[in-house]
Amino acid sequence: MTEEAKKEALRELDRLGKMPPAAAEYTVARTYLDWLIALPWSKETTDLLDLGAARTILDEDHSGLEKVKDRILEYLAVKSMRPAGKDPILCFVGPPGVGKTSLGRSIARALGRTFHRISLGGMRDEAEIRGHRRTYIGALPGQVIQGLRRTESKNPVFMLDEIDKLGMDFRGDPASALLEVLDPEQNVSFRDHYVDVAFDLSKILFITTANVLDTVPPALRDRMEIIELAGYTEEEKVGIARKHLLPKQAKDHGLLEGEHINWTDAALRLLVRGYTREAGLRNLEREIAAVTRKVAKRRVEGHTEAVEVTESVVGGFLGTPKFIFEELEERTRVPGVAVGLAWTPAGGDILFIEATRMKGSKTLTLTGQLGDVMKESAQAALSWARSHATDLGIRSDYWETSDIHVHVPAGAIPKDGPSAGVTMVTALVSMMTQRPLRPNLAMTGEVTLSGRVLPVGGIKEKVLAAKRAGVTTVILPKRNEKHLLEDVPQAAREGMTFHLVDSVTQVLDLALEGSIPRGNRIPESLLQARN
């Protein structure tokens with residue numbers, strides 16, 4: 001024990017010796033002493049600082065995720081150079097099913113440390129972190145001290161899951177209680193309400209996970225090093241399924257992979273493309289399990305020959321695919337439809353924006369569960385189009401006799417964010433000039449009234465969503481070039497064309513079929529036919 005803890009323990013022991021065993025407080029004091037004795041004040045495991053072995057373990061457990069693996073190896077290298085240094089607080093942010101929690105287990109295995117997971121989802125009592133005071137009936141230390149007792153080590157890997165889902169009510173704010181735990185300057189002397197003596201948490205490697213950072217308080221976010229896990233490409237998913245998911249599901253269903261059931265790459269690609277358009281791997285594993293169950297049922301019914309799972313077998317077992325590639329091309333054949341790219345907590349997604357015109361008197365209608373930011377983007381897009389009507393070849397009285405309706409389908413899903421500006425402009429100009437969108441093209445970026453295209457976030461998620469949807473041409477803001485090169489894997493960029501733009505006119509030239517000579521007068525007859 002530390003001197004402070006030893007002094008407190010001896011004082012409590014002295015009180016216990018003078019107290020009759022029948023006293024109500026006797027059990028409380030005895031339990032308190034048990035907790036002090038059980039805590040690992042000086043017990044710790046020895047780190048495995050072999051970078052080669054750590055790299056092998058991380059590669060065995062996870063495919064891809066190179067940036068995360070490099071960060072862990074850098075941590076090990078620094079630890080071997082300076083063993084007494086403080087451990088970082090890492091925060092893995094990404095959609096469900098990308099391997100955030102399992103990555104924590106791999107890190108503990110690579111370090112040779114014990115692993116303990118605390119789920120913060122729905123936690124709304126501050127005492128869950130700091131513990132109860134001993135005067136309360138049923139008092140217990142907080143989850144941090146309890147975890148240390150279970151791991152029997154003062155330097156475990158602590159996984160704090162779902163930090164973005166912490167609650168708050170009249171009992172306190174757990175997020176604020178975590179500030180002391182996760183601050184390297186303060187957690188050297190963390191004081192739990194129950195134990196009431198300082199405990200050094202600086203040797204613990206804290207790893208937190210979150211789906212989104214918006215709900216994490218800024219003060220808490222500031223204490224953590226954010227590492228984003230965006231999702232997997234189609235090739236990575238097929239590789240992970242081949243290496244991890246197929247053997248696991250075959251074993252879980254009593255089959256032998258390669259002997260009783262054999263998957264073709266074409267069947268796995270069909271599963272990834274047609275049945276599970278997601279950033280993570282959970283639905284892919286469910287669909288693999290569904291096929292494996294049907295094969296197990298056939299064996300029980302007496303069909304003992306090995307089954308080769310091909311595309312036709314997948315279709316027969318699972319029915320028609322849920323996602324169809326042709327949708328993109330079919331929906332953009334009509335002028336007035338543009339395809340945007342959106343970031344969602346479950347990864348990226350494509351977003352259709354439709355515009356139409358009817359006779360009326362200068363009214364703009366917006367529908368589709370749009371948030372305030374997207375409504376303002378639509379207003380800005382229309383203002384830009386109106387101010388450049390002559391250059392675009394739109395007749396002067398167009399606005400006087402028109403009502404314009406902008407609609408974002410998938411109506412029940414709320415949508416907001418500053419990345420649909422260029423898509424709004426493209427949809428409006430496409431409708432006004434009757435020029436359809438080029439096939440298999442999508443875009444993202446915010447637009448200003450002066451026609452500038454501003455950078456947006458979530459580039460990796462959006463590019464992966466475009467790849468999943470069969471998009472071959474992507475328009476991105478010029479200032480997002482570094483995110484495209486640094487965050488998006490080379491394998492994901494192959495087979496796709498990227499255009500980096502900084503003005504709306506560039507977007508329209510690239511996105512819309514045909515062209516209108518800018519600044520030239522267009523015959524009124526052509527304008528009437530077009531409008």
For this session: State the CD-CG distance between E461 and D349, to the nearest 0.5 angstrom.
Result: 12.0 Å
Exercise. Below 4.0 angstrom, N of the basic side chain to O of the carboxylate: do E60 and R109 qualify?
Worked result: yes
For this session: For residues R221 and D214, report the shortest heavy-atom separation together with the two atoms involved.
Result: NH2-O, 4.2 Å
For this session: Scan V238, V314, L245 and name whichever one has a side chain to side chain contact (heavy atoms under 4.5 Å, CB included) with W263.
Result: V314
Problem set entry | D59 bridged to K69 by N-O distance under 4.0 Å | yes
For this session: Run the salt-bridge test on E44 and R113 with the 4.0 Å N-O cut-off and return the result as yes or no.
Result: no
Problem set entry | Distance, nearest 0.5 Å, that separates NZ of K43 from CG of L148 | 12.0 Å
Problem set entry | Residue E180 excluded, over 12 heavy atoms near CD under 6.0 Å | yes
Exercise. Under 4.0 Å between a Lys/Arg side-chain N and an Asp/Glu carboxylate O for R55 and D70?
Worked result: yes
Problem set entry | D183 vs I89 side-chain heavy atoms within contact, under 4.5 Å | no
Exercise. Hey, is the main chain of R124 close enough, under 3.5 Å, to the side chain of E128 for a donor-acceptor pair?
Worked result: no
Exercise. Would you say the side chain of N211 lies within less than 4.5 Å of the side chain of K100, judging by non-hydrogen atoms?
Worked result: yes
Exercise. If you count the non-hydrogen atoms of other residues, nucleotides and ligands that lie under 6.0 Å from NZ in K165, is the total more than 12?
Worked result: yes
For this session: Evaluate whether atom CZ of R30 has more than 12 neighbouring non-hydrogen atoms of other residues, nucleotides or ligands under 6.0 angstrom away.
Result: no
Exercise. Just by distance, with hydrogens left out, do T151 and S153 show a side-chain donor and acceptor under 3.5 Å apart?
Worked result: no
Exercise. Strictly by modelled atom types, are T276 and N283 linked by a side-chain donor-acceptor pair under 3.5 Å?
Worked result: no
Exercise. Is a salt bridge present between K67 and D487, judged by a nitrogen-to-oxygen distance below 4.0 Å?
Worked result: yes
Exercise. Just wondering, do T423 and V339 contact through their side chains at under 4.5 Å, heavy atoms?
Worked result: no
For this session: Might you confirm whether atom NZ of K243 has over 12 heavy atoms from other residues, nucleotides or ligands at distances under 6.0 Å?
Result: yes
For this session: Drop me the distance from L58's CG to L73's CG, to the nearest 0.5 angstrom.
Result: 6.0 Å
Exercise. What do the steps show when you test L281 against K237 for side chain to side chain contact (heavy atoms under 4.5 Å, CB included), and what is the final call?
Worked result: CA-CA 7 Å; L281 295 161; K237 284 185 177 181; 3.8 Å; yes
Exercise. Atom CD1 of I72 and atom CD1 of I107: how far apart are they, to the nearest 0.5 Å?
Worked result: 3.5 Å
Exercise. Below 4.0 angstrom, N of the basic side chain to O of the carboxylate: do E446 and R479 qualify?
Worked result: no
Exercise. Taking 4.0 angstrom as the limit, do K7 and E4 come out as a salt bridge?
Worked result: no
Seminar exercise, completed: For P95 and A279 the tightest heavy-atom approach is CG-CB, 3.5 Å
Problem set entry | Closest non-hydrogen atom pair between P455 and N480, with its separation | CA-OD1, 3.3 Å
Exercise. Do you know the tightest heavy-atom contact between L179 and R223?
Worked result: O-NE, 3.2 Å
Problem set entry | salt bridge (charged side-chain N to carboxylate O under 4.0 Å, His left out) evaluation trace for D265 with R242 | CA-CA 9 Å; D265 281 349; R242 181 71 68 192; 2.6 Å; yes
Problem set entry | Presence of salt bridge, E285 and R282, under 4.0 angstrom | no
Problem set entry | Between D164 and T215: side-chain donor-acceptor atoms closer than 3.5 Å | no
Exercise. Any side-chain heavy atom of P88 within less than 4.5 Å of one from L205?
Worked result: yes
Problem set entry | Pair E126 + R130, salt bridge at N-O below 4.0 Å | yes
Seminar exercise, completed: d(W35 CH2, D192 CG) to nearest 0.5 Å is 9.0 Å
Problem set entry | CA sep, side-chain torsions, deciding dist, call: V309, N262, side chain to side chain contact (heavy atoms under 4.5 Å, CB included) | CA-CA 6 Å; V309 182; N262 188 29; over 6 Å; no
For this session: Determine, step by step, whether L351 and V408 satisfy the side chain to side chain contact (heavy atoms under 4.5 Å, CB included) criterion, reporting the C-alpha distance in whole Å, the side-chain angles of both residues, the deciding distance to 0.1 Å, and the verdict.
Result: CA-CA 8 Å; L351 197 68; V408 183; 3.9 Å; yes
For this session: Using the side chain to side chain contact (heavy atoms under 4.5 Å, CB included) rule, pick out the option among V197, V195, L201 that qualifies with F199.
Result: L201
For this session: Would you check, one step at a time, whether the test salt bridge (charged side-chain N to carboxylate O under 4.0 Å, His left out) holds for R11 with E8?
Result: CA-CA 5 Å; R11 191 177 68 82; E8 183 68 22; 2.9 Å; yes
Exercise. Can you list the steps and then say if V181 with Q186 is a side chain to side chain contact (heavy atoms under 4.5 Å, CB included)?
Worked result: CA-CA 7 Å; V181 175; Q186 297 181 43; over 6 Å; no
Exercise. Between NE2 of H116 and CE of M159, what distance do you get to the nearest 0.5 Å?
Worked result: 12.0 Å
For this session: Answer yes or no: is there a side-chain heavy-atom contact under 4.5 Å between L268 and L246?
Result: yes
Exercise. Is a side-chain donor-acceptor pair under 3.5 Å present for N440 with T473?
Worked result: no
For this session: May I ask you to test the K467-V463 pair for a side-chain heavy-atom distance under 4.5 Å?
Result: no
Exercise. Is the distance between the ring centroids of F206 and F158 less than 6.0 Å?
Worked result: yes
Problem set entry | Pair R71-E66, salt bridge (charged side-chain N to carboxylate O under 4.0 Å, His left out): steps then yes or no | CA-CA 9 Å; R71 179 64 187 88; E66 293 306 319; over 6 Å; no
Problem set entry | Main-chain N/O of I240 paired with H244 side-chain donor or acceptor, under 3.5 Å | no
Seminar exercise, completed: Nearest heavy-atom approach of S176 to D173 is OG-OD2, 2.7 Å
Exercise. Hey, is the main chain of S119 close enough, under 3.5 Å, to the side chain of D161 for a donor-acceptor pair?
Worked result: no
Problem set entry | Side chain proximity check, L284 to E278, heavy atoms < 4.5 angstrom | yes
Exercise. Under the 6.0 Å and 45° cation-pi test, does R134 pair with Y32?
Worked result: yes
For this session: Determine whether the side chains of Q490 and R493 contain a donor N or O and an acceptor N or O closer than 3.5 Å.
Result: yes
Problem set entry | Contact summary for V157 and G104, nearest pair of heavy atoms | CG1-O, 4.2 Å
For this session: Apply side-chain hydrogen bond (donor to acceptor under 3.5 Å, both in side chains) to S102 and D61, showing your working.
Result: CA-CA 8 Å; S102 59; D61 292 352; over 6 Å; no
Problem set entry | Within-4.5 Å side-chain heavy-atom neighbours: R452 and V447 | no
